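To start, the structure under review is shown below, and the notes come after it.
Since the model is a prediction, treat every value here as computed from it, not as a measurement. The basis for the numbers below is simple: all heavy atoms, side chains too, and nothing from hydrogens, waters or symmetry mates.
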Amino acid sequence: NLVLFRELAFAKQRIQTNFSENEEQLLSISKSISNGETNQAYPQEFIHDASALVSQHPEIVQVKWLNADSPRSWTYPNIKPKDDWTTRANVKERLDLELQKTYKEARDTGHAQYGSIFEIDPATSNAIFNRQKRWVFWYVIPNSRTGEIQGNIAVLYAVQNILIDVIPKDLTSRHLFSIVGPEGELLFSSSDRKPPRNTIRHEIPLDKLQGNLYLRGESYPLPSNLGYRMLLWLVIG
C-alpha cells in the first residue's frame, strides 16, 4: 500500500517535471523565432529545435508556430498532405477548433495554457498508433516582446503516450496507471493488462491538466515462484 502510494507520487512527479522541461524548451524556441526573421517560409532554426523536441518526447505529436499578425504558421513534422493524418477533414476540424479555444485563453490571459483533453480518430492502418493518438490536448505559450504578443508556440500532446513513455518502465511493469475524471470515470490507461479486482488502488490529482483529472495507480500481483517450485519438485521426484 505504502509502496504504491510512493511510486504513484513519483510517477506524477515525472509527468509534472516532463511538462516543466518541455515548457522551458518551448519558451526557448519561441524566443529564438521572435528574435529572428518571422517572414521565412519555413525557418531552419524552427525545424532543428522542433525536431529535437519531438524526437526526445514521443508524447508530443506536433509543434506549431502561429504568427500573431498574419495567417502564416509553421508546423513540425511537415508531412506531405496525402500522408498527414492530422490534415484529414474530420481530424483537422476538431484540432483547429480546440487549438483556437486554447489560443484564445492564452491570448486573453497573456500566459501559457493547457487546453482540454479531446478525442479524435486518426483512422490510420496502425491500430496501436490510432489508440495512442486518440486522446489529445493542446498547450499554447504566447511570446510577447515590448508588451505585444509576437506569436505563439502550440504543442499537441497525446495523453496515452504520457503514461507509456514518461512514467518509467519499471513502474508500469508493477502498476497500471490511469487518468480518471472527477467522478472516477476511467479515461486512459498505460496498458490493456488489467490488475485483479481486489487490487490496491490510489489516486492523486494532476495539477497542470484541465478538467480536475487524477492519476490512478493499481498494483499488479507480485511475480510468483510457483514455476520454480514445480520444477524443483519434478527434479526431486
Side-chain angles (χ1 to χ4, degrees), residues 7-26 29 49-64 75-79 83-88 91-92 94-95 98-99 102 112-141 153-181 185-194 203-211 213-218 220:
E7 296 192 338
L8 179 63
F10 180 74
K12 173 189 173 178
Q13 181 185 33
R14 283 295 305 125
I15 293 174
Q16 302 295 99
T17 300
N18 186 75
F19 280 141
S20 297
E21 290 173 352
N22 290 351
E23 290 167 10
E24 292 181 7
Q25 291 189 59
L26 290 165
I29 294 173
D49 294 342
S51 172
L53 185 66
V54 171
S55 64
Q56 295 168 10
H57 296 275
E59 75 279 7
I60 294 179
V61 179
Q62 192 179 80
V63 183
K64 280 181 175 289
T75 302
Y76 184 87
N78 187 23
I79 305 170
D83 300 322
D84 188 359
W85 61 272
T86 65
T87 61
R88 293 172 187 158
V91 175
K92 185 177 186 303
R94 188 68 193 277
L95 289 176
E98 296 296 335
L99 176 56
T102 311
Q113 293 290 329
Y114 285 91
S116 300
I117 294 172
F118 60 97
E119 184 179 12
I120 55 175
D121 181 10
T124 70
S125 58
N126 188 327
I128 295 176
F129 179 92
N130 294 341
R131 184 168 65 251
Q132 291 181 356
K133 305 298 185 288
R134 189 174 187 87
W135 293 93
V136 295
F137 63 92
W138 287 102
Y139 170 71
V140 175
I141 177 170
I153 286 283
V155 173
L156 183 65
Y157 277 101
V159 179
Q160 192 169 36
N161 283 96
I162 293 173
L163 298 179
I164 296 172
D165 297 301
V166 176
I167 299 175
K169 294 293 188 288
D170 61 323
L171 296 189
T172 55
S173 68
R174 293 195 294 271
H175 314 292
L176 176 69
F177 292 95
S178 306
I179 294 180
V180 298
E185 63 274 23
L186 177 65
L187 301 179
F188 336 95
S189 295
S190 58
S191 172
D192 292 332
R193 178 187 167 204
K194 302 300 182 185
E203 294 177 3
I204 52 178
L206 285 171
D207 302 329
K208 289 183 179 288
L209 301 184
Q210 287 193 23
L213 302 180
Y214 291 80
L215 181 66
R216 172 188 291 172
E218 300 173 86
Y220 291 124

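Between Ile120 and Lys133, the closest heavy-atom pair is CG1-O, 3.5 Å. When every heavy atom of Gly181 is checked against every heavy atom of Tyr214, the shortest pair comes out as O-CD1, 4.2 Å. Nearest heavy atom pair, residue Arg193 against residue Leu176, reads O-CD1, 3.9 Å. For the residue pair Ile204 and Ala9, the shortest heavy atom distance occurs at CD1-CA, 3.8 Å. Smallest separation of non-hydrogen atoms from Val136 and Ala158: CG1-CA, 4.1 Å. Taking all atoms of both residues into account, the shortest heavy-atom contact from Val63 to Ile153 is CG1-CG2, 4.4 Å.
In this structure, Arg216 and Ile179 have side chains that are not in contact, with every pair of non-hydrogen atoms separated by 4.5 Å or more. Residues Ile60 and Tyr139 are not in side-chain contact: their nearest non-hydrogen atoms beyond the backbone lie 4.5 Å or more apart. Within the 4.5 Å cutoff, side-chain heavy atoms of Lys64 are placed close to those of Leu99. Here the side chains of Gln132 and Phe129 are not in contact, with every heavy-atom distance at 4.5 Å or above. Residues Val155 and Ile141 fail the side-chain proximity criterion, which asks for heavy atoms closer than 4.5 Å. You'll find the side chain of Ile162 reaches within 4.5 Å of the side chain of Glu59, heavy atoms only. Considering only heavy atoms from C-beta on, Ile117 comes within 4.5 Å of Leu213 through its side chain. With contacts defined as side-chain heavy-atom distances shorter than 4.5 Å, the pair Leu171/Phe10 qualifies.
A side-chain N or O of Asn22 and one of Tyr157 form a donor-acceptor pair less than 3.5 Å apart. Neither side chain, Thr102 nor Gln113, offers a donor N or O lying under 3.5 Å from an acceptor on the other.
Between the side chain of Asn130 and the main chain of Pro122, no donor-acceptor pair closer than 3.5 Å is present. The backbone N or O of Phe118 sits nowhere less than 3.5 Å from a side-chain atom of Arg94 that would complete a donor-acceptor pair. In this structure, Glu185 contributes its side chain and Val180 its backbone to no donor-acceptor pair below 3.5 Å.
To the nearest 0.5 angstrom, Leu163 atom CG is 7.0 Å from Ser178 atom OG. Atom CG of Asp165 sits about 9.5 Å away from atom CD of Gln160, to the nearest 0.5 Å. The line from CD of Glu218 to OG of Ser190 is 9.5 Å long, rounded to the nearest 0.5 Å. Atom-to-atom distance recorded for Ile164:CD1 and Ser189:OG is 10.0 Å, nearest 0.5 angstrom. Between the CD atom in Gln25 and the NE2 atom in His57 there is a gap of 5.0 Å [rounded to 0.5 Å]. A distance of 11.0 Å separates OG1 in Thr172 from CD in Glu7, rounded to the nearest 0.5 Å.
Other residues, nucleotides and ligands contribute over 12 non-hydrogen atoms within 6.0 Å of the NZ atom of Lys194. More than 12 heavy atoms of other residues, nucleotides or ligands lie within 6.0 Å of CG in Leu186, so this atom counts as buried by the packing criterion.
Considering only residues two or more places apart in sequence or on other chains, Lys208 meets the side chain to side chain donor-acceptor pair (under 3.5 Å) condition with Glu23. Lys12 pairs by the salt bridge (Lys or Arg N to Asp or Glu O under 4.0 Å) definition with Asp207, not counting sequence neighbours.
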Decide yes or no on side-chain contact (heavy atoms from CB on, under 4.5 Å) for Trp138 and Gln62, but give the supporting numbers first. CA-CA 9 Å; Trp138 287 102; Gln62 192 179 80; 3.5 Å; yes
List the steps and the verdict of side-chain contact (heavy atoms from CB on, under 4.5 Å) for Val166 and Phe19. CA-CA 10 Å; Val166 176; Phe19 280 141; over 6 Å; no
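Between Tyr114 and Phe137, the ring planes lie tilted relative to each other; the angle falls in the 30° to 60° range.
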